[in-house]
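Reading through the structure tokens given below for one structure.
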Amino acid sequence: MDQTIVAIRSRHVLLHFGSEHRDSSDKKHRDKDKERLKLKDGSSDKQKDKHKEKKKEERVGRGLCYFHIATVLSELNPLALEESQMPLFWHFAQPFWLLVLGCWFTSFHLCAFFIPFRWEEERYTDGVKWKFLEHKGPVFAPPYEPLPSNVKFYYDGKHMKLSPGAEEVATFFAKMLDHEYTTKDVFRKNFFKDWRKEMTSEEKSKLTDLNKCDFSEMSEYFKAQSEARKAMTKEEKLKIKAENERILQEYGFCVMDNHKERIANFRIEPPGLFRGRGDHPKMGMLKRRIRPEDIIINCSKDSNHPKPPPGTKWKEVRHDNKVTWLVSWTENIQGSIKYIMLNPSSRIKGEKDWQKYEMARRLKKCVDRIRAQYREDWKSKEMRIRQRAVALYFIDKLALRAGNEKEEGETADTVGCCSLRVEHLTLHQEMDGQEYVVEFDFLGKDSIRYYNKVPVEKRVFKNLQLFMEDKEPEDDLFDRLNTSILNKHLQELMDGLTAKVFRTYNASITLQQQLNELTTSEDNVPAKILSYNRANRAVAVLCNHQRAPPKTFEKSMQNLQTKIDAKKEQLADAKRELKMSKYLLEGRIEEQLMKLEVQATDREENKQIALGTSKLNYLDPRISVAWCKKLGVPIEKIYNKTQREKFAWAIDMAEKDYEF
DNA sequence: CATTTGACTTAGCAGGATCGCT
DNA sequence: AGCGATCCTGCTAAGTCAAATG
């Protein structure tokens, strides 16, 4: 039994383990385990008391709950704790038997229990997200290190020593010199304006023209630094790695309601020059350094509050358990709030993710009705209803985003469905032998171009003509519609329905259909994976998830082709030589050849498509898990380690017959 | 009611880490 | 072992959407 897990799986008890385990069915160990859940400074005593009160509340709720071994053992069944060292049985209020035999774990490895069961009400009512939250606060960006005196800055050909404040901002620019955008007017203008704000009055009067600034020595210095970093010895690199690990251990985790959880982004964003995506009017602006005085800490009252660095203060410490963030600050470019939150592997994120897919599955049940409804609405005598219906058709059919209005001049000019303008589509009565074709061409999120030619139904076409009548190109296509109106309508059609649910629904259902169509159990594993990637790709195309072709694409394709050719040769050789092992050898080479060819196809088809986004955000992971189980594909071939952590709930939950 | 704010998800990319070959 | 190719992770911008605000 050593190093193994004894777990009896009923349909409703699912266990998930870290990599090191220790028998904790022993009571002594159990107490130790409880100790280990605390952060360094500890807080479990207060917690324990609180938890007694909480027990009842936590048992009611609707949702997927997962617990640590300590939670399960100490909280869910205190009786069993006393009575038995061995398998614990307990009977929950409703017809679900939960059963746990034993478990191993150490303090450094999270051992998560996933216990999906039906609760009767909300786990926490009124939007309460947690009862206990303790963390160490953020890690700040390292302070600015002034340049050595031999690295000089020149203005109009003459050496000039900059004040530390001005120098720091100058280095930001110097580091970007190789980037194309430092040549852009808007970038330079914004940068120079913000740089001047950091200058002393003397510098301000001298430095009046960015074109006369020579950052080349700075730039060279940083390049040399990065070379030096690469050339470091193994020991030095190891030392840095160890230090990073130490920081991770200290600041990278928090305790939320008895779970030790990984924090997603515990490091504060360092200062630098803002680079928005696409044609952003604020590119080049100075993103200022965040100090403790800018930071709002969120934690529970009864926790050990994080301490600000010596000699500093937090802006505020609050105890808001209606939100999930641990730390926040206001960023100076857009004035928006940034947060430190938990890792996707955390309970709070996993639960939310699961809910998202459950919502999409609810849409599946009534999507026919909703489609019938919006088709009916194309004929409405009210313009606003027709617009709403056509927009919804696009969102459903093309998986467009909702398209909130944006403040003009504050961000890049991008649109989604509700914010489409007349200039973004062209109507073709007939095109390439098809009738009623709509040609879309606009920039969407992240200024990614959406280009598509879609045949639509006649009624949609006629409506579009109507909406576009007497309008200028820059006018809104749907002038009687916005996302708020649309979502209110959707809310009436189905509780909790919003525009983005259609993206999730259509993505997931597409994956499921494609997997069914493309894969057979007779295929070998590489062929199955090719099919999986193709199904994934169909979704990525639907959602318009693009990427820049990898810089090394052509070359890597060539290399692969070389390998294929070599393999073919090898196969021909083997066929010529009539040896005993002929068949075996041939078979093996053929298999290798096929593998390579599959790889080539896959890569070619994937040139400009990014699969990651849909995999991570739109595809119900249970579909993939079920597919793997059904076809005997190891889950590791589909999800890497991080992804398996994020989708642990699905991996444990979904059986091979799961249907989205 | 329109507008703003706040909290949260979704997004592509750069560069570091790891892999697999010679 | 060294090296290029590939994979993965961290980063942070840019969306969605509901609630707060005026």
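For the numbers below, each heavy atom of this structure counts, side chains included, while hydrogens, waters and symmetry mates do not. Below, read A as the first sequence line, B as the second, and so on, with proteins coming before strands; counting in each chain starts at 1.
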- Message: At 4.0 Å (heavy atoms only), tell me whether Lys500(A) reaches a base, stays on the sugar-phosphate, or touches nothing.
- Response: sugar-phosphate
- Among dA13(C), dA18(C), dT9(B), the one nearest any side-chain atom of Lys349(A) is dT9(B)
- In terms of side-chain geometry, is the basic nitrogen of Asp294(A) or Arg288(A) positioned less than 4.0 Å from the acidic oxygen of its partner? yes
Grab the N/O contacts between the protein and nucleotides 5-7 of chain B below 3.5 Å, and write none if there aren't any.
residue: dA7(B); atom: OP2; partner: Tyr339(A); partner atom: OH; Å: 2.8
residue: dA7(B); atom: O5'; partner: Tyr339(A); partner atom: OH; Å: 3.4

- Verify the contact: side-chain N or O of Lys287(A) to OP1 or OP2 of dA13(C), cut-off strictly under 4.0 Å; return yes or no. yes
- Within 6.0 Å of CD in Glu408(A), more than 12 heavy atoms from elsewhere: no
- OP1, OP2 of dC8(C) versus side-chain N and O of Thr642(A): anything below 4.0 Å? no
- Note on the structure: Closest of dG15(C), dA18(C), dG12(B) to the Ala610(A) side chain is dG12(B)
- Message: Once you apply a heavy-atom cut-off of 4.0 Å, does Gly612(A) come out as touching a base, just sugar-phosphate, or nothing?
- Response: nothing
- Item | Qualifying ring pair (Phe, Tyr, Trp, His ring centres under 6.0 Å) pairs with a residue from residues 481-510 of chain A, counting only residues at least two apart or across chains | none
- Message: Given dA13(C), dC17(C), dA11(B), identify the nucleotide with an atom nearest to the side chain of Asn404(A).
- Response: dC17(C)
- Query: Does a side-chain heavy-atom distance below 4.5 Å link Trp329(A) with Glu269(A)?
  - Reply: yes
- Item | Among dA14(C), dC17(C), dT12(C), the nucleotide that comes nearest once only the side chain of Pro270(A) is considered | dT12(C)
- Rounded to whole angstroms, how far apart are NZ on Lys641(A) and P on dG10(C)? 9 Å
- Task: To the nearest Å, give me how far apart NE2 (His545(A)) and P (dT9(B)) are.
- Result: 16 Å
- Message: One thing to verify: whether Asp446(A) and Arg277(A) come together as a salt bridge, which I'm taking to mean a side-chain N less than 4.0 angstrom from a carboxylate O.
- Response: yes
- Query: Does Lys237(A) put a side-chain nitrogen or oxygen below 4.0 Å from OP1 or OP2 of dA17(B)?
  - Reply: no
- Message: Would you say that Asp476(A) contacts Leu420(A) through its side chain, given a criterion of any heavy-atom pair below 4.5 Å between the two side chains?
- Response: no
- Query: Rounded to whole angstrom units, what separation is found between the CD atom of Glu405(A) and the P atom of dT16(C)?
  - Reply: 10 Å
- Task: Scan Pro344(A) against the nucleic acid and name what it touches under 4.0 Å (heavy atoms): base, sugar-phosphate only, or nothing.
- Result: nothing
- Per nearest nucleotide of DNA chain B, the residue lying toward the 5' end, Ser614(A) or Lys241(A), is Ser614(A)
- Task: Would you indicate which nucleotide in dG16(B), dT16(C), dA13(C) comes nearest to any side-chain atom of Ala402(A)?
- Result: dT16(C)
- Query: Would one find a side-chain N or O of Asn617(A) under 4.0 angstrom from OP1 or OP2 of dT9(B)?
  - Reply: no
- Message: Can you build the contact string for nucleotides 1-7 of chain C? Use B for base contact, S for sugar-phosphate-only contact, and - for no protein heavy atom under 4.0 Å.
- Response: ----SS-
- Message: Among dT10(B), dT9(C), dT12(C), which nucleotide has an atom closest to any side-chain atom of Tyr618(A)?
- Response: dT10(B)
- Message: Run the side-chain contact (heavy atoms from CB on, under 4.5 Å) test on Arg534(A) and Asn536(A) for me, step by step, so that the C-alpha distance in whole Å, both residues' side-chain angles and the decisive distance to 0.1 Å come before the verdict.
- Response: CA-CA 5 Å; Arg534(A) 282 184 168 157; Asn536(A) 192 164; over 6 Å; no
- Query: Ile395(A) has an atom CD1; how far is it from atom P of dC17(C), in whole Å?
  - Reply: 8 Å
- Task: With DNA chain B as reference, determine whether Arg229(A) or Arg547(A) sits nearer its 5' end, using the nearest nucleotide of each.
- Result: Arg547(A)
- Indicate, with a heavy-atom threshold strictly under 4.0 Å, whether Lys615(A) touches base, sugar-phosphate, or nothing. nothing
- Message: Regarding Glu331(A), tell me which of base, sugar-phosphate or nothing describes its non-hydrogen contacts under 4.0 Å with the strands shown.
- Response: nothing
- Between atom CG in Asn544(A) and atom P in dA11(B), what is the gap in whole Å? 10 Å
- Message: With a 4.0 Å cutoff (strictly under), does any side-chain N or O of Arg401(A) reach OP1 or OP2 of dA11(B)?
- Response: yes
- Under-4.0 Å salt bridge between Lys129(A) and Asp320(A): no
- Assign each of Asn343(A) and Gly416(A) to its nearest nucleotide of DNA chain C by heavy atoms, then name whichever residue's nucleotide is nearer the 5' end. Asn343(A)
- Is any side-chain N of the basic residue among Glu605(A) and Arg537(A) closer than 4.0 Å to the acidic one's carboxylate O? yes
- Task: Measure the distance from CZ on Arg267(A) to C1' on dG10(C) and round it to the nearest whole Å.
- Result: 10 Å
- Carboxylate-amine/guanidinium proximity below 4.0 Å for Glu351(A) and Arg347(A): yes
- Message: Just the rounded figure in Å: distance from P of dC13(B) to CG of Asp178(A).
- Response: 19 Å
- Task: Give the nucleotide from the list dG15(C), dC17(C), dT9(B) with an atom nearest to the side chain of Thr414(A).
- Result: dG15(C)
- Separation of atom NE2 in His280(A) from atom C1' in dT12(C), rounded to whole Å: 12 Å
- Message: Regarding Glu492(A) and Lys488(A), does a basic nitrogen lie under 4.0 Å from an acidic carboxylate oxygen?
- Response: no
- When you check the gap from the basic side-chain N to the acidic O, do Asp441(A) and Arg449(A) get nearer than 4.0 Å? yes
- Message: Can you work out whether Arg275(A) or Leu497(A) has the more 5'-proximal nearest nucleotide on DNA chain C?
- Response: Arg275(A)
- Task: Name the nucleic acid region contacted by Ala499(A), choosing base, sugar-phosphate or nothing; use a 4.0 angstrom heavy-atom cut-off, strictly under.
- Result: sugar-phosphate
- With a 4.0 Å cut-off on heavy atoms, is Ser484(A) in touch with a base, just the backbone sugar-phosphate, or nothing at all? nothing
